[in-house]
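Let me begin by presenting the structure, written as structure tokens, before commenting on it.
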Amino acid sequence: MQIKENEKAIGVFDSGLGGLTVVKELMKTLPQEEIVYFGDTARVPYGTKSKESIIRFSKENTEELLKHNVKMIVVACNSSSSYALEELKQNYSLPIMGVITPGARKAVQATKNNRIGVIATKATIASQEYTKNINWFNSKVIVFSQACPLFVPLVEEGWFDKKVTFHVAQEYLKDLKKAKIDTLILGCTHYPLLKRTIGQVMGTKVKLIDSAAVVAQEVKDLLFKKGINNPGGRKAQHKFIVSDRPQDFKKIAKTFLGQEIEIRIKE
Ligand code: DGL
């Protein structure tokens, strides 16, 4: 049976479970929309991989989502958004949205002193996509970047509030504290899960920018503009697919989304 375009799902992919921060906001903003999520748990992290590998993985993830009748794709991974977004847009005809531009826009709107920090994976920092996007919105902003590669395994382990996480954050963030930034972009979809710890280290004067809510709003705008929003009527059924270790994903997803979810392993 042919499914109507507006009844199709929103496809979301990430290297692991960090993209759930975007899913949570999508569920809030667009409760009538179905979501198909793919987490590439067999190959996480992407942030330490080469550009070529990240592009290849991102294309394969897109192909996986296309098997599930999606009407658009959200690249809920900053490393993939940094290196693969343009390539994906060129290769596929459905709308594809990344997370970098929405986060950069929100940070530029938030800063008062034009000093913005960015924390992200090594790949995202090396790509300089945040700096380019921020300076495209406002060339006067000075951007201070810091890669925080240990944050991802800490999140994947579920160690959001452990002492060791706090110490790791103190070490990574010390130069940014000296840089007198007033705004800090959590430039990795895993990092919002460490928001409390990062906030404690940076102090209350620094605004933390988590692009998930902005991305959800932009998805909504896009669906309405294209007339492919789901008018609703029945409870949205979401699908979660991973490439490895579904049990670990399920445990953290349940805590984070506050609901039991069914997970399939990629065939
Ligand atoms: N989700 C990835 C990102 O936003 C971080 C995890 C990884 O390195 O794969 O960059």
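Since this is a predicted model, take the numbers as computed values, not measurements. Each ligand, and each atom within it, is numbered from 1 in the order the structure gives. We number each residue from 1, following the sequence as shown.
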Per-atom contacts of ligand 1 with Val152, taking only distances under 4.0 Å to non-hydrogen atoms = 5 (C), 6 (C)
message = Under 4.0 Å, heavy-atom basis, I'd like to know which part of Thr121 is in contact with ligand 1: side chain, backbone, both or neither.
response = side chain
ask   = Counting only N and O atoms by type, is there a donor-acceptor contact under 3.5 Å from the side chain of Asp182 to the main-chain atoms of Asn113?
value = yes
query = Is there at least one pair of N or O atoms, one from Gly47 and one from ligand 1, spaced under 3.5 Å apart?
reply = yes
task = Determine whether the side chain, the backbone, both or neither of Asn78 has a heavy atom under 4.0 Å from any heavy atom of ligand 1.
result = both
remark   = All heavy atoms of Lys250 vs all of Ile261, minimum pair found to be NZ-O, 2.7 Å
ask   = Taking atom 2 (C) of ligand 1 as the point of reference, which of Cys77, Ser82, Ser81, Ser80 owns the nearest heavy atom?
value = Cys77
message = Taking the basic N atoms (NZ, or NE/NH1/NH2) and the acidic carboxylate oxygens, is any pair closer than 4.0 Å for Lys254 and Glu260?
response = yes
request  = Please indicate whether any nitrogen or oxygen in Tyr46 is less than 3.5 Å from any nitrogen or oxygen in ligand 1.
outcome  = yes
task = Taking all non-hydrogen atoms of both residues into account, name the closest pair between Val23 and Leu257 and its distance.
result = CG1-CD2, 4.3 Å
message = Measuring from non-hydrogen atoms of Gly16 to any atom of ligand 1, is the shortest distance under 4.0 Å?
response = no
Within-4.5 Å side-chain heavy-atom neighbours: Leu208 and Ile198 = yes
Nearest neighbour in protein (non-hydrogen) for atom 5 (C) of ligand 1 = Cys188 SG, 3.2 Å
inquiry  = Contact between ligand 1 and Gly18 is defined here as a heavy atom of the residue under 4.0 Å from a ligand atom; is it met?
reply    = no
message = If you count every heavy atom of other residues, nucleotides or ligands that lies below 6.0 Å from Lys266 atom NZ, does the total exceed 12?
response = yes
Exam field: side chain Arg115 to backbone Ala179, donor-acceptor pair closer than 3.5 Å = yes
request  = Could you tell me which atoms of ligand 1, counted from 1 in the order shown, lie closer than 4.0 angstrom to a heavy atom of Ser15?
outcome  = 1 (N), 2 (C), 6 (C), 7 (C), 9 (O)
request  = Take the angle between the ring planes of Phe151 and Tyr172 and call it parallel below 30°, perpendicular above 60°, tilted in between.
outcome  = perpendicular
request  = Provide, to 0.1 Å, the distance between atom 1 (N) of ligand 1 and the closest protein heavy atom, together with that atom's residue and name.
outcome  = Asp14 OD1, 2.7 Å
key: atom 10 (O) of ligand 1 - nearest protein heavy atom and its distance   = Ser79 OG, 2.7 Å
